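The basis for the numbers below is simple: all heavy atoms, side chains too, and nothing from hydrogens, waters or symmetry mates. Remember, predicted model here, so these are calculated numbers, not experimental data.
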Amino acid sequence: MVDIKRFREWLIELKENVNEQAKDVQIEGIALAVREGHIIRKLRDRRGVILCAKYPDATVDGDADNFSSDNDMVLFLLEKVPSGSQSDEDELAHYAALQQLMLALRNRLMDSPFVCDNEMQVVSGLTIEWEYDIFGGWNGLSIGFKLQDYG
């Protein structure tokens, strides 16, 4: 199971790395919560693009002497956009800017190793989905994968 303090540090490192690659839009902050419904409260007064995640659930395999955990990960790159406030062209431009951030995030996740000391690694394919009006009016993209750790 991923140490949640280390997980938060990893999200901050991920944010900084993606922002180094970003051209037009930057990730302003992170929101980390116990469950996705809790993220709504964490986002309440936030502005800009936020990297959101819930504490990862884990499936442990092996025995007490030799085990690993597969952690279910979903990361969101989101920005608050009031419903109906954008023209079709503005909406497309907004999603296109967020897509560029997601591609930088995807590339970072695919780098090997992307976490120090090879303590964790992506062990499944990445699933990227478009998001609309989630967590109380936030739009963007999400990326899901399994992260394996050995401790």
Side-chain angles (χ1 to χ4, degrees), residues 1-60 68-116 119-149:
M1 181 171 227
V2 173
D3 177 276
I4 58 173
K5 289 182 179 180
R6 177 64 185 113
F7 181 60
R8 183 184 66 189
E9 291 171 6
W10 177 71
L11 289 174
I12 292 167
E13 292 167 9
L14 198 56
K15 170 190 162 282
E16 291 170 0
N17 185 271
V18 169
N19 281 345
E20 288 173 8
Q21 307 302 313
K23 294 180 177 128
D24 298 326
V25 180
Q26 298 277 299
I27 300 172
E28 300 296 324
I30 64 168
L32 180 60
V34 172
R35 58 187 181 87
E36 291 174 9
H38 188 203
I39 293 174
I40 293 170
R41 283 186 259 152
K42 300 266 182 159
L43 291 175
R44 184 170 299 152
D45 296 322
R46 305 285 292 271
R47 299 236 186 276
V49 177
I50 308 295
L51 175 62
C52 304
K54 71 175 206 66
Y55 296 160
D57 297 324
T59 303
V60 180
S68 65
S69 300
D70 284 346
N71 301 275
D72 294 321
M73 311 289 280
V74 180
L75 305 178
F76 298 87
L77 277 176
L78 302 172
E79 187 170 23
K80 179 86 170 190
V81 177
S83 184
S85 68
Q86 293 180 316
S87 69
D88 287 348
E89 197 60 36
D90 290 339
E91 180 182 63
L92 181 65
H94 178 251
Y95 274 113
L98 292 176
Q99 183 181 32
Q100 293 309 306
L101 276 179
M102 178 56 76
L103 293 175
L105 177 62
R106 177 206 63 195
N107 292 344
R108 180 65 180 141
L109 292 173
M110 293 175 69
D111 283 349
S112 184
F114 67 91
V115 184
C116 66
E119 64 194 44
M120 296 182 275
Q121 64 180 348
V122 173
V123 293
S124 70
L126 305 174
T127 301
I128 300 173
E129 297 181 1
W130 298 99
E131 304 291 349
Y132 172 77
D133 200 27
I134 64 170
F135 306 135
W138 292 73
N139 298 345
L141 296 106
S142 63
I143 187 166
F145 55 95
K146 288 196 185 297
L147 188 69
Q148 191 171 64
D149 72 298

How long is the straight-line distance from [atom2] of [Y] back to [atom1] of [X], given to the nearest 0.5 Å?
X    : Y    : atom1 : atom2 : result
E131 : L141 : CD    : CG    : 7.5 Å
L78  : L101 : CG    : CG    : 11.5 Å
I30  : I12  : CD1   : CD1   : 4.5 Å
L147 : W10  : CG    : CH2   : 6.0 Å
Q21  : L105 : CD    : CG    : 11.5 Å
N139 : L98  : CG    : CG    : 8.5 Å

[X] and [Y]: which non-hydrogen atoms are nearest, and at how many Å?
X    : Y    : value
L75  : A53  : CD2-CB, 3.6 Å
G48  : E28  : CA-CG, 3.8 Å
G136 : I40  : N-CG1, 4.5 Å
V74  : S142 : CG1-CB, 4.2 Å

Side chain proximity check, [X] to [Y], heavy atoms < 4.5 angstrom:
X    : Y    : answer
F76  : I134 : yes
W130 : Q99  : yes
K80  : L43  : no
W138 : I39  : no
I128 : R106 : yes
I27  : L14  : no
R35  : H38  : yes
F145 : M110 : no

Next item on the list: Could you tell me whether R108 and E16 have a side-chain N and a carboxylate O separated by less than 4.0 Å?
Entry: no
So, [X] side chain and [Y] main chain: donor-acceptor pair closer than 3.5 Å or not?
X   : Y   : answer
N19 : Q26 : no
D72 : P56 : no
N17 : E13 : no

Margin query: Heavy-atom count check: over 12 atoms from other residues, nucleotides or ligands less than 6.0 Å from D133 CG?
Written below: yes
Note to self: Under the side chain to side chain donor-acceptor pair (under 3.5 Å) definition, can you give me all pairs with a residue in residues 45-58, not counting sequence neighbours?
What the structure shows: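 Every pair satisfying side chain to side chain donor-acceptor pair (under 3.5 Å) with a residue in residues 45-58: K54-D57.
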